[in-house]
There are 2 protein chains.
Amino acid sequence: MGLLGNAMKTFWKFGFHVVSMGDLVRETGVSRGGIYSDYSSKRALFHACIDHYEDVVIKPVFAPVEEAAAGVEGIRTYLEALLTRFDTNQNFGRGCLVGNTFTQLAEGDDETRQKILRFYARRTCSYSNALSYENSSNNRLTEADVEGLASYVTISVQGLWSYSRLVQDSSVLRQYCDMLLAYLESHLRGTPRSNYRTV
Amino acid sequence: MGLLGNAMKTFWKFGFHVVSMGDLVRETGVSRGGIYSDYSSKRALFHACIDHYEDVVIKPVFAPVEEAAAGVEGIRTYLEALLTRFDTNQNFGRGCLVGNTFTQLAEGDDETRQKILRFYARRTCSYSNALSYENSSNNRLTEADVEGLASYVTISVQGLWSYSRLVQDSSVLRQYCDMLLAYLESHLRGTPRSNYRTV
DNA sequence: ATTGTACTAGAACGATCGTTCCACTACAAT
DNA sequence: ATTGTAGTGGAACGATCGTTCTAGTACAAT
């Protein structure tokens with residue numbers, strides 16, 4: 001799996017401050033010298049892990065949202081994949097590496113903070129595109145409404161990831177996803193507003 | 001403000017692992033000996049801080065949800081109070097002490113984990129009671145639906161607290177609350193389902 | 001065969017950690 | 001006036017931290 005992958009897993013599970021270089025040496029199988037020849041510091045390695053996390057963990061599972069014609073179904077596919085992970089993978093109980101990180105940001109660590117902000121901005125932008133596509137069929141919502149809905153999804157999914165770290169089985173998470181998706185559909189797929197007004 | 005209050009603030013802002021005993025001495029104004037005469041360890045102090053947090057931070061602002069006839073309005077009042085805090089207080093940017101903590105739980109720290117689980121169980125139970133009261137006027141939802149809705153609120157509010165740590169102004173949080181409350185109302189206050197079926 | 005590269009295990013560095021201890025002070029109770 | 005209590009500032013403890021360094025090994029390229 002490699003240095004980066006194993007380091008990512010370790011940070012993901014325990015958090016930056018809890019993980020020591022000794023832990024990393026043990027979990028990655030790479031010596032101290034080997035780690036420091038590739039990364040200048042524990043923090044630099046951690047930043048690389050965040051990038052790696054977005055590439056190998058988030059990107060594949062998030063891909064359905066980023067398709068041109070994603071719509072609510074794209075978001076549904078994403079959430080289904082998340083729930084499957086929670087059920088079948090060893091990833092259950094870890095939450096989201098990025099989401100975990102910003103609850104333990106040291107003051108003044110603006111580089112990490114900016115990294116995280118950009119991460120969430122990309123998610124929200126993708127949600128916005130997906131929902132905008134869905135909305136384009138009947139234009140029930142204004143663009144501002146779609147943006148608001150996209151932020152709603154970002155924050156809700158943050159809650160979902162967080163909570164997945166705490167609970168033991170995924171049924172409550174599954175129910176949460178169903179309700180979230182029903183909410184999106186009720187906003188986007190219901191009878192267009194104009195019909196309500198003119199009838 | 002006292003030892004407990006200042007220690008709580010410090011842990012809240014930076015997280016358990018980042019805060020050192022030296023930080024606590026500086027921030028609380030109490031000497032090392034003074035702290036250790038009251039609490040057996042840093043961890044014991046932290047646990048006391050979580051209890052103190054629930055008492056002095058959560059309980060007052062959460063009270064409207066726990067009233068007998070809370071309903072969705074009780075939850076609205078709670079969320080409004082949260083948003084006001086985010087806007088006016090120095091608490092902005094800290095998130096929730098409990099929510100922050102479980103993203104950085106060390107493996108095997110079951111005592112803290114149980115503390116956190118109980119915290120969220122109490123929130124969900126209160127939401128359930130509040131929503132059950134609202135539902136009692138028309139019994140639109142089953143008891144199981146009300147439970148599901150209560151979990152939905154718990155997870156959503158977790159997302160809200162988390163995200164409050166990241167964003168700079170509260171407008172996106174305010175919008176989130178409005179949408180969440182509208183969702184609750186649409187489930188509880190709409191025309192009873194039986195009407196849809198018989199008409 | 002030699003050189004260079006990449007890596008290893010682990011010693012060692014200074015710093016800081018949580019914790020304990022000590023001598024001392026302030027002050028209320030007797 | 002004496003005692004007891006509670007707390008102070010700060011030294012000191014062993015442990016562990018992130019980081020650097022050294023000596024040695026494996027192996028591909030020349």
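In this text, all values refer to a predicted model and were calculated from it rather than measured experimentally. The basis for the numbers below is simple: all heavy atoms, side chains too, and nothing from hydrogens, waters or symmetry mates.
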Inset, instruction - Flag the pair A/Phe102 / A/Tyr120 as yes when their ring centroid distance falls below 6.0 Å, and as no otherwise. - result: yes

Legend entry - Between B/Tyr127 and B/Tyr152, ring centroids under 6.0 Å: no

Legend entry - Salt bridge B/Glu185-B/Arg140, side-chain N to carboxylate O under 4.0 Å: no

Legend entry - Nucleic acid footprint by protein, nucleotides 8-13 of chain D - heavy-atom cut-off 4.0 Å, B for base, S for sugar-phosphate alone: BB-B--

Inset, instruction - Check each residue of residues 39-52 of chain B for a non-hydrogen atom within less than 4.0 Å of any atom in DNA chain C, then write out the ones that pass by number, or none. - result: B/Ser41, B/Lys42

Inset, instruction - Mind calculating the distance between CZ (A/Arg26) and C1' (C/dT8) to the nearest angstrom? - result: 18 Å

Inset, instruction - Determine the minimum heavy-atom distance between A/Leu79 and A/Val157, stating which atoms define it. - result: CD2-CG2, 4.1 Å

Inset, instruction - Check the distance between D/dC21's P and A/Tyr36's OH and give it to me in whole angstrom. - result: 12 Å

Inset, instruction - For A/Phe46, look at atom CZ and say whether over 12 heavy atoms of other residues, nucleotides or ligands are found less than 6.0 Å away. - result: yes

Please list, pair by pair, any protein nitrogen or oxygen found under 3.5 Å from a nitrogen or oxygen in nucleotides 23-26 of chain D.
none

Legend entry - Minimal non-hydrogen separation, B/Arg165 against B/Asn100, with atom names: NH1-ND2, 3.0 Å

Inset, instruction - Please report the closest heavy-atom contact between B/Ala70 and B/Val65, naming both atoms and the distance. - result: CB-O, 3.3 Å

Inset, instruction - Kindly say if B/Ser37 contacts the phosphate of D/dA6, meaning a side-chain N or O under 4.0 Å from OP1 or OP2. - result: no

Legend entry - Residues A/Asp51, A/Lys115: salt bridge by 4.0 Å N-O rule: yes

Inset, instruction - Remember a base hit wins even if backbone is also touched, and classify A/Val19 as base, sugar-phosphate or nothing at under 4.0 Å, heavy atoms. - result: sugar-phosphate

Legend entry - Side-chain H-bond candidate by donor/acceptor type, A/Thr84 with A/Asp87, under 3.5 Å: no

Inset, instruction - Measure from CE on B/Met21 to P on C/dC17 and round the result to the nearest Å. - result: 11 Å

Legend entry - For atom NE2 of A/His17 and atom P of C/dT16, their distance in whole Å: 15 Å

Inset, instruction - Please check if any side-chain donor atom of A/Thr112 sits under 3.5 Å from a side-chain acceptor atom of A/Asp109, or the reverse. - result: yes

Inset, instruction - Drop me the distance from B/Phe16's CZ to B/Cys49's SG, to the nearest 0.5 angstrom. - result: 10.0 Å

